[in-house]
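To find a chain, count down the sequence lines: A is the first, B the second, and so on, and within it residues start at 1.
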Amino acid sequence: MLKVEDLNVYYDKIHAIKGASFEVRDGEICTLIGANGAGKTTILQTISGLLQPKSGKITLDGSEITGRAPNKILLQGLAQVPEGRRVFSKMTVLENLEMGAYTRKDAAGIREDYEMVFQSFPRLKERIHQQAGTLSGGEQQMLAIGRALMSRPRMLLLDEPSMGLAPILVDEIFSIIRQVNQSGVTVLLVEQNAAKALEIAHYSYVLATGQIVSSGEGKSMLTDSSVRSAYLG
Amino acid sequence: MDFAQQLINGIQLGSIYALIAIGYTMVYGIAKMINFAHGDIIMVGSYIALMIFQNTGLPVWGVIAASALASALLGMAIERLAYKPLRGGSRMSALITTIGVSILLQNVFLLLFGSSPKPFPAAFEGEGFTLAGVPVSRLTLVTLLVTLLLMVLLTLFVGRTKLGKAMRAVSEDQGAAQLMGINIDTSISLTFAIGSALAAVAAVLYSSTYPLINPYMGSMLGLKAFIAAVIGGIGIIPGAMLGGFIIGIAEALIKGYISSALVDAIVFSLLIVVLIIKPSGLLGKNEREKV
């Protein structure tokens, strides 16, 4: 579904992503694991259009989206849950979801999707008119995911959804990601928590200093020597 | 001159400051820059209104609307041509550019109209009513009502409409807003349009009160409104409204009871005092700068 070919991204003169190529297959959960600073977030931001690549090609279902504006890429059905959640903290839960549906015009469909989000995240419904900044970390992550789902994406990019959350919440978030995937949304998940990510992934890539160094079916990677030595200890 | 009269004068002037301060604060909120050319948009708005008054038979409300529209277009054009190319650069270059645009506008109008002040027609003449023995002129009444109406409309726009909410989203987190599919360029353009239109309305109200206009009139007026925005808490719209009224009323009372020569000195000292006691402004929350 998503294909990244020979991607090169620079921050000024720093070569952050060095010829990365990988593919996310339709309907699957694909993870990109790697240590801090490996370039995971850079890759996601380049896919969603926040960063411009120096060279390389990104295609979604065969049509090229390389270097297009974020709003154009979103309209192609690709939504991103950014690192650190980045909910609009001075806006209410409902307003945040409304912003998630910003590009849509079908009022009836949007109302349906509010219900869908509130069904998946009942705690958000309880806090519907509360400012997002007053939510707990876990609730903010749920809101960030719900907000991204409001665009009715075909594919969801998740950047470190477990970051800074208590273990019990991490389990909850991962089971939600699985549910989202089962409802037909393809997922590209970036995680430092490699063990957790590999458990739910169909396929996985390992990123180190801007390059893909290893890849394989999700669970098999749990025993992969490069992954074990570098990330699982 | 009794207290009530001074207070009414202060509210009238404060309305004008508040309208201008909203432009500073909105632009800061969304583009994170102080637009020092904003004061000169007031001057441009006054000259445009004057030209329309002199050359057409438009009623005063039509003049205000036309001047607001023209100023909004000018504000958008300035943003597009001078500020947008610097987005993502250092804040200092943007700041210096706004000062450059300010000087440019002043000198263009100096060339076009000369340095001698031009008389501005009395748009809202006549008696208003008497409130507890104090006469309130029609101009005062119009100024206050127009300001309140625009504030209500702006609050509804920012709080209730999709475009307004998108503007708030952009001011909080540009990257996240982009991921929602919000077009940042549109939001920023719209902010400049609204700020400039409000400045033009303020310009007509101000010029009707002090009916001599010159190419430098925007400097001090803009600076005072900027102080109002900072006192209220820069980036916060209700803060700009509050700050505007505080500065206006303080000025009137200082003029009435202390000394008209010391007005500016005292108002600027007021800014220093507020910044020492509450650096984020009266309605601002103390937030740590994100790194």
Side-chain angles (χ1 to χ4, degrees), chain A residues 12 41 44-45 47-52 68-92 94-105 107 110 129 131-134 140 143-153 156-159, chain B residues 25-26 28-30 32 84-85 87-90 154-191 232-240 280-281 283-291:
Chain A
D12 284 325
T41 297
L44 282 200
Q45 293 195 338
I47 295 172
S48 59
L50 287 179
L51 292 174
Q52 300 292 317
R68 301 187 68 179
N71 54 341
K72 297 278 160 27
I73 291 172
L74 184 77
L75 285 171
Q76 299 268 315
L78 206 155
Q80 187 187 339
V81 181
E83 182 179 8
R85 311 181 257 278
R86 290 168 73 172
V87 294
F88 301 114
S89 57
K90 288 175 204 150
M91 300 171 79
T92 66
L94 187 63
E95 285 174 334
N96 267 272
L97 294 177
E98 217 180 316
M99 289 298 102
Y102 185 77
T103 53
R104 293 173 58 185
K105 302 217 155 49
I110 293 173
H129 294 302
Q131 286 202 337
T134 66
Q140 288 191 14
L143 179 57
I145 295 174
R147 185 179 67 175
L149 290 175
M150 286 305 298
S151 68
R152 272 200 190 168
L156 194 61
L157 309 179
L158 290 143
D159 197 347
Chain B
T25 223
M26 284 180 77
Y28 181 82
I30 205 155
K32 303 287 176 277
K84 194 182 167 201
R87 227 185 276 161
S90 86
L154 182 69
T155 307
L156 288 177
F157 173 75
V158 171
R160 302 279 173 85
T161 67
K162 197 168 154 180
L163 271 178
K165 287 175 190 173
M167 281 171 62
R168 279 157 60 205
V170 174
S171 87
E172 253 198 72
D173 187 333
Q174 289 203 357
Q178 277 180 295
L179 291 176
M180 304 298 110
I182 296 167
N183 186 332
I184 292 197
D185 293 343
T186 313
S187 286
I188 294 180
S189 271
L190 189 61
T191 304
I234 189 102
I236 306 162
I237 295 174
S280 53
L283 298 189
K285 291 199 183 85
N286 282 314
E287 282 173 27
R288 251 184 258 164
E289 187 90 10
K290 264 189 237 160
V291 282

Distance, nearest 0.5 Å, that separates [atom1] of [X] from [atom2] of [Y]:
X        : Y        : atom1 : atom2 : result
B:Asn183 : A:Thr103 : CG    : OG1   : 12.0 Å
A:Ser151 : B:Met180 : OG    : CE    : 8.0 Å
B:Leu163 : A:Tyr102 : CG    : OH    : 5.0 Å
A:Met99  : B:Asp173 : CE    : CG    : 13.5 Å

Is it the side chain or the backbone of A:Val81 that comes within 4.5 Å of chain B heavy atoms, both, or neither?
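Contact with chain B is absent: no heavy atom of A:Val81 under 4.5 Å.
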Which answer fits A:Arg85, side chain, backbone, both or neither, if we ask what part of it has an atom under 4.5 Å from a heavy atom of chain B?
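When you check distances to chain B, no heavy atom of A:Arg85 falls under 4.5 Å.
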Does some side-chain heavy atom of A:Leu50 sit less than 4.5 Å from a side-chain heavy atom of B:Gln178?
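Counting from C-beta outward, B:Gln178 and A:Leu50 do come under 4.5 Å.
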Using side-chain heavy atoms (C-beta onward) and a distance below 4.5 Å, is B:Leu179 in contact with A:Leu74?
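No, too far: nothing below the 4.5 Å cut-off.
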Among A:Arg147, A:Met150, A:Lys72, residue most engaged with chain B (heavy-atom pairs, under 4.5 Å):
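If we count pairs closer than 4.5 Å to chain B, A:Arg147 comes out on top.
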Which one of A:Ala79, A:Gly49, A:Ser89 has the most heavy-atom pairs closer than 4.5 Å to chain B?
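Looking at each of A:Ala79, A:Gly49, A:Ser89 in turn, A:Ser89 comes out on top.
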Would A:Glu98 and B:Lys165 pass as an ion pair if we require N to O under 4.0 Å?
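Yes, charged N to carboxylate O under 4.0 Å.
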Test: A:Arg86 and B:Glu172 ion pair at under 4.0 Å
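A salt bridge is absent here (no side-chain N lies under 4.0 Å from a carboxylate O).
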Restricting to side chain to side chain contact (heavy atoms under 4.5 Å, CB included), what partner residues turn up for A:Ile73, sequence neighbours left out?
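With sequence neighbours excluded, A:Ile73 shows a side chain to side chain contact (heavy atoms under 4.5 Å, CB included) to A:Ile65, A:Arg68, A:Leu78, given in chain and number order.
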